[in-house]
Amino acid sequence: MSTLNSSRRRFIKGAVSAGATGALVAKAPYVFARNRVTIRVLGTHVTLQEELRQRAMLELGINIEFSPGGSAKVLQKAAAAPESFDLYEQWSDSINILWQAGAIQPIETQRLTYWKEINSLSKEGRIDPDVAVAPGDAPNKILFVQDDGSLSANPTDKITFMPYVHNVDSFGYNTQFIPAGTPYGTESWGWLLKDDFKGKVGLVNAPTIGIFDAILAAQANGLMKFRDIGNLSISEIDQLFDILIEKKQQGHFGGFWTSVPQSVDFMVQQRVHLQSMFSPGVSACKGEGVPVIYAAPKEGYRAWHGVMCLSSQTTGHEKDAAYEYMNWWLSGYPGAFIARQGYYISNPRRSRDLMSDDEWGYWYAGKAAEAALTGTDGKVSVAPGEVRHGGSYLQRLSNIAVWNTVMPNYDYSLDRWHEFLIA
Amino acid sequence: MQIAPRNSLEVKSVVALLLLLALVGFLLYTIENDIEALFEEVNSAEEIARTNVNVLDLNKTVESMQRNVSVYGVSGSKAIFDKLTNNNQLIQRRLLELTEQTDDEQMKSIIDDLFSLTIRYKENLTVLPKRYQIKSDFANKILPAAYQSFDLTLTSALERTNGSGDRALLLESMALWAKANHAASLFLSNKEYSQRRNVVTYIAAMEGISAQLSAAFLQQNPEWPEMVIQATTNYQNNFEKATQANRNYAALVNVVMAGDAVEFTTLVDKLTDYTSTKFNRMQQNITELSNENNKLLGNSLIAAAVLCILFALVFHFYITRAIKSLANTFQQFIQGDFSASVAGGQRPDEIGLLAQAAIKFRDLSQRLIDAKTDAENTSRIKSEFLANMSHEIRTPMNGILGMAQTLSHSELTPQQREMLGVINSSGKSLLAILNDILDLSKLEAHKVELESAPFTLDEICFELQNMFASVAEQKGITLKLPARGSLQATVLSDQLRLKQVMINLLSNAIKFTEKGTVSVIISEQARSEQSITYTITIRDTGIGIPSTAIDSLTEAFTQADTSITRSFGGTGLGLAITSNILNLFNTQLEISSRLGEGAAFYFTLRLPLAPVIESAAEHPVLQTVDELIPDRQLKVLIVDDSQINQMVIESLLATLKQQSVTCVMDGREALNALQSSAFDIVFMDMQMPVMDGISATKAIREDDRLNRQYIIGLSANVMLEDRQKCLDAGMNDFLGKPLLREELSAALNRYIEFTSA
């Protein structure tokens, strides 16, 4: 890293107080720099947030273009046209596809400033040595690029993605219509397929994610058994989709969403009362006054790990700038920022200083909030006395049921998902 | 009298009608509003129906679009792709139309969402061909090329190799390579997803086989292992890319676009539901509005009807009846019954006014009737007074004149005879005055009726000649009369009254003329079968009459004002009587005169002609005294309570050589007398004590023995009624007092005729 960059960053950091996001979200002023490099970032609304872009441009002095979009669309665009982006942000289920498509190039861990601070979740597939690695594509299994070009858990100094944002997902439900359950107790994936909620259930229209919500739901209801929920056989896929299609034809599903804002609309308009949800969607609902709980199912969560990948076509100054952006993400501010949306960062301690004790206590430590906490949109998302559903970072990530995965029979599942969609 | 507005019927009626009008107006206004609202609802409903149809159209287009996408996925045909683009544009256009057609915010919001979906879909569409191309290229060009290339390598290696073992290995390699490719093709194009493993398996197997190649082969082909790895890596990479291309395309079409299409359909369903609900709600509204309208109409009509009935009832009871009652009352008033009560006098309204007018009318009428009655009473009293006076006066007059007449038939010295002459003429003048007064009173009381008897004007002129010739001669003036025999027409009229008129006028003319001529000119103006019209003029060359006096006189004649006429003429009453009598003849007295040049009094008279009969060619000629004496001796009974009257008659009878006269004082004595003796004639006075003339006559007539007694009534009352009363009582004849010898003689002769008939 050039000293110029570090010193500049230190100078700016000192000028900014913790938690004051709004004041600094202004148009990036003309920073006198050598070259104004432009990097194009392709990803989802989850991490491609305008405030972060502005902040990054301000701190890094580079031009950043965001192209947020729906999960599937973004993935297929990246896989087919790596020249259309420099950095790709999404989650780990993209890796196999992108790697196999040759859309991404390995990242050198030496160029990552905070590589050592990254915790064991991504490097070993579990937050704690005492926790078993959950089925599916655990991040470590696809992190390290081997010499033969394959990916495995075997550590090397070349990785397919920089681990940063991650979380455990479940489903969200509107307590105006569904009475609140107990975390890890009564809350269950099975609710998604319960007839009680017929017509008011939503699923995310992403075959690599939504299918796991369905799998966990089917398994929780005892509708079928899976040998390995991270790798379904064709007959298992058939069986699963038969169940799903039957449910669909009974009018069980209120809608399929493709973007987080759409998921928020579904809930706010009361089109659904429970659905696949992403954490920022839940926060946004609460901010709109809709009391949504992000469940802590007794079967465990569906975990995902965010990936930041480098396009196979990016070189030169853009590549340098890309590394700068990547390192900026683990430099503390973004971690604190996304924590207020309920996401975790791979090196939490670096972000702790930029969060209030109350915030850290709620978001990471599983403590009750003393005061009302606002989200990054300025709206109150946590009421005083509230405890993060599912508990602390450690507790939550110790309860993973499955990782988002691209299964070997993904293509078949894709076909059947389509059938399910139009049934 | 002003009627206060709060009391006025007019005001109340107007208010009631205005109320009705207001109600009707309100009704009309409400109905119109409701109808407008109804129309609006109906229009909105129409709008929704239209929208519904369009929306259903949309769904069909979307379905067609998805089908086409599937077809495109298989064929990649440009035609299909164009169809897709067109479909999408069509949908966009439809959506724009839809949003134009409606103002409903919720519908617009849904349509906006739909529009966003179509935009996204379009964006995806534009990406579609490229994705398809890539997929197709990989599956149909790149992968087969990768396969071909190594296949060629294997083939050429095979050709170069002789060792059977190697050859076999190479052949097997080729087979495996082909199998792998086949599996890949099945996976990529036929969706045989299980084949994916086989690709890896077969390639791994082939690599394994390749490792078994002999050292000799390897020596001959030192790059072989590297070539194998390169080929397999290349192929597998491309296979992965092909797989990913397939997935890309499939994901785009089957997940992303399909998701959007599904969402589109869901929103369309939402829209249809919304419009259906809205439509149903509108129908409900319309029905409700209609019902409300009907109810309102019904209620209002009932209210209006009730109001009308109320109004009619009030009108009837409060107004009509009162008016009717008043009308009845008035009718009774008109018929003369003023006892009817007037209802409604207390009311403060127009009817009250009417009622009070009725009361006033009654009072006035009552007073009028009373006044009339009073007047009649006065008139009657006057007449009775006159009659009484006349009787009172006539009786002594009778004495004077009668005795004077009797006296004149006795031996008298010339001096005595002269004195007697004065008494006679004075008496006659007095009698004339009395008669005039009576006449005028009778005329004023309208108690005179004209007689109707035949006479000629000739007779009248003859009498006039006899009456006035000597007076004129004495004054030295010439009297001219129509020639004897020039007026032979016999007319039916009142000779006496006409004569009276002419006497009066002639007398005045002579009186006021000192020298010259007094002429009576009678000229015939017209003649028909029934009547003859004369103009009678009395002209003199006397002192004349001043014009102012003429005017006053004329006015008095027209108005029958006797007060003025009395200021002229000898007796003062002559002209008054004349003018009154002429009014009875339906004509008017006219004057023409100039002061100092004489005067002419004239009138036009229409007299009915008497039917032609043997008229009395002989006019009553003044008979000599001798001819008056009847040729028989008659036994006469005189019934009169006045000794003077008795004496008068007795002496007059004596002059007529009638000696057999008996006198009694009243009716009773008369009856007694008649019982004991027979009489030829009974002269019965009217007014007597004990039993008056009428009663006595009736009693006589009732007596079988006496009822053919000839009775002649005597009375100082000369009114026609009295005459009639006598005749009604049964008297045969009638004489008025004072008695005249000629009249007495005539009556006796009439008896004689009567008995000889």
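Just so we're on the same page: letters track the sequence lines, and every chain starts at 1.
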Heavy-atom pairs under 4.5 Å with chain A: which of B:Q236, B:Q244, B:K270 has the most? B:Q244

Residue B:Q230 excluded, over 12 heavy atoms near CD under 6.0 Å: no

Taking a cut-off of under 4.5 angstrom between non-hydrogen atoms, the residues of residues 198-208 of chain A near chain B are A:N205, A:P207

When you look at B:F187 and A:D411, which way does the side chain to side chain contact (heavy atoms under 4.5 Å, CB included) test go after all the steps? CA-CA 10 Å; B:F187 174 73; A:D411 307 90; 3.3 Å; yes

What part of B:E123 is in contact with chain A, defined as an atom under 4.5 angstrom from a non-hydrogen atom: side chain, backbone, both or neither? side chain

Heavy-atom count check: over 12 atoms from other residues, nucleotides or ligands less than 6.0 Å from B:K108 NZ? yes

Is it the side chain or the backbone of B:L267 that comes within 4.5 Å of chain A heavy atoms, both, or neither? side chain

When rounded to the nearest 0.5 Å, the distance separating OG of B:S116 from CD of A:Q262 is 10.0 Å

When the 4.5 angstrom heavy-atom criterion is applied to A:E419 and chain B, the contacting part is neither

Would you say NZ of B:K179 has more than 12 non-hydrogen atoms from neighbouring residues, nucleotides or ligands within 6.0 angstrom? no

Top residue by heavy-atom pair count (under 4.5 Å) with chain B, among A:Y410, A:F256, A:W257? A:Y410

Where does B:V262 contact chain A at under 4.5 Å (heavy atoms): side chain, backbone, both or neither? side chain

Give the member of A:L414, A:I234, A:L98, A:I97 that has the highest number of heavy-atom pairs under 4.5 Å with chain B. A:I97

Within this structure, what is the CH2-CD distance for the pair A:W99 and B:E240, rounded to the nearest 0.5 Å? 12.5 Å

Checking B:R247 against chain A: side chain, backbone, both or neither under 4.5 Å from a heavy atom? both

Answer yes when B:E263 and A:R271 have at least one side-chain N-carboxylate O distance shorter than 4.0 Å, and no when they do not. yes

Interchain contact, B:N124 with chain A, by part (heavy-atom threshold 4.5 Å): side chain

Should the heavy atoms of other residues, nucleotides or ligands under 6.0 Å from CG of A:D148 be counted, would the total exceed 12? yes

To the nearest 0.5 Å, tell me how far A:I422 CD1 sits from B:E63 CD. 10.5 Å

Specify which of B:T233, B:N254, B:N237 makes the most heavy-atom pairs with chain A at under 4.5 Å. B:N254

Applying side chain to side chain contact (heavy atoms under 4.5 Å, CB included), run through B:R120 and A:T258 and close with a yes or a no. CA-CA 12 Å; B:R120 263 219 315 258; A:T258 52; 3.7 Å; yes

Please state whether the side chain, the backbone, both or neither of B:A245 comes within less than 4.5 Å of a heavy atom of chain A. neither

